[in-house]
Amino acid sequence: MDDIAIAHAKLASLTDKQRAVLDLLIQHKSSKEIARTLSISPYTVDQRLGAARQKLGANSRGEVARAYAALLSVCEEPAYGF
């Protein structure tokens with residue numbers, strides 16, 4: 001499997017709800033801001049981030065944001081849902 005295929009597989013492993021949270025995270029939004037935007041609780045935001053961290057093999061909030069942004073770049077998908 002080449003790098004692009006691996007990146008696509010990792011992106012595909014994320015749910016739409018996890019991606020919605022990650023899209024706002026890479027815009028440097030806090031959990032409270034993300035929660036307000038998506039009409040969910042900050043706890044739910046943190047749960048989705050935790051699941052995404054596991055899927056992407058990241059250890060921190062910053063690391064998962066960088067990993068997600070890198071995947072979007074490799075897969076040539078626009079950041080921020082544009």
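In this text, all values refer to a predicted model and were calculated from it rather than measured experimentally.
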Colleague: How long is the span from the CG atom in L56 to the CG atom in L71, to the nearest 0.5 Å?
Modeller: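 It is 6.0 Å, given to the nearest 0.5 Å.
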Colleague: Would you say the side chain of Y68 lies within less than 4.5 Å of the side chain of I26, judging by non-hydrogen atoms?
Modeller: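 In contact.
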Colleague: For the atom pair CG (L11) and CG (L72), what is the distance rounded to the nearest 0.5 Å?
Modeller: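 So the CG of L11 and the CG of L72 are separated by 5.5 Å.
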Colleague: NZ of K55: more than 12 outside heavy atoms within 6.0 angstrom?
Modeller: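 Count over threshold, so yes.
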Colleague: Which pair of heavy atoms, one from S41 and one from A35, lies closest together, and at what distance?
Modeller: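 Heavy atoms only, the tightest pair is C-CB, 3.7 Å.
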Colleague: Give me the one residue out of V45, L25, V21, T44 that meets side chain to side chain contact (heavy atoms under 4.5 Å, CB included) with S31.
Modeller: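 Option passing the side chain to side chain contact (heavy atoms under 4.5 Å, CB included) with S31: V45.
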Colleague: Can you name the nearest heavy-atom pair linking G57 to E63, along with the distance?
Modeller: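 G57 and E63 have their closest heavy atoms at O-OE2, 3.7 Å.
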Colleague: Restricting to non-hydrogen atoms, name the atom on A52 and the atom on L22 that form the minimum distance, rounded to 0.1 Å.
Modeller: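 Smallest interatomic distance, heavy atoms only, reads CB-CD1, 3.8 Å.
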Colleague: What's the spacing between Q27 CD and T37 OG1 if we round to 0.5 Å?
Modeller: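 Here the interatomic distance stands at 8.5 Å.
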Colleague: Does either side chain, that of R48 or that of T15, offer a donor lying less than 3.5 Å from an acceptor on the other one?
Modeller: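 Note: R48 and T15 side chains miss the donor-acceptor criterion.
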Colleague: Please report the interatomic distance CZ(R66) to OG(S73), rounded to the nearest 0.5 Å.
Modeller: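 Reported to 0.5 Å precision, the distance equals 15.0 Å.
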Colleague: State, with a plain yes or no, whether a side-chain heavy atom of L24 is found less than 4.5 Å away from one of E33.
Modeller: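 Not touching, per the 4.5 Å side-chain cut-off.
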Colleague: Between the side chain of Q54 and the main-chain N/O of A51, is any donor-acceptor distance below 3.5 Å?
Modeller: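 No; judged by distance alone, with no hydrogens or angles, the pair does not exist.
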Colleague: Would you say that N59 contacts R53 through its side chain, given a criterion of any heavy-atom pair below 4.5 Å between the two side chains?
Modeller: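 They are not in side-chain contact.
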Colleague: For S13 versus Q18, what's the shortest heavy-atom pair and its separation?
Modeller: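 In this case the closest contact between S13 and Q18 is O-OE1, 4.3 Å.
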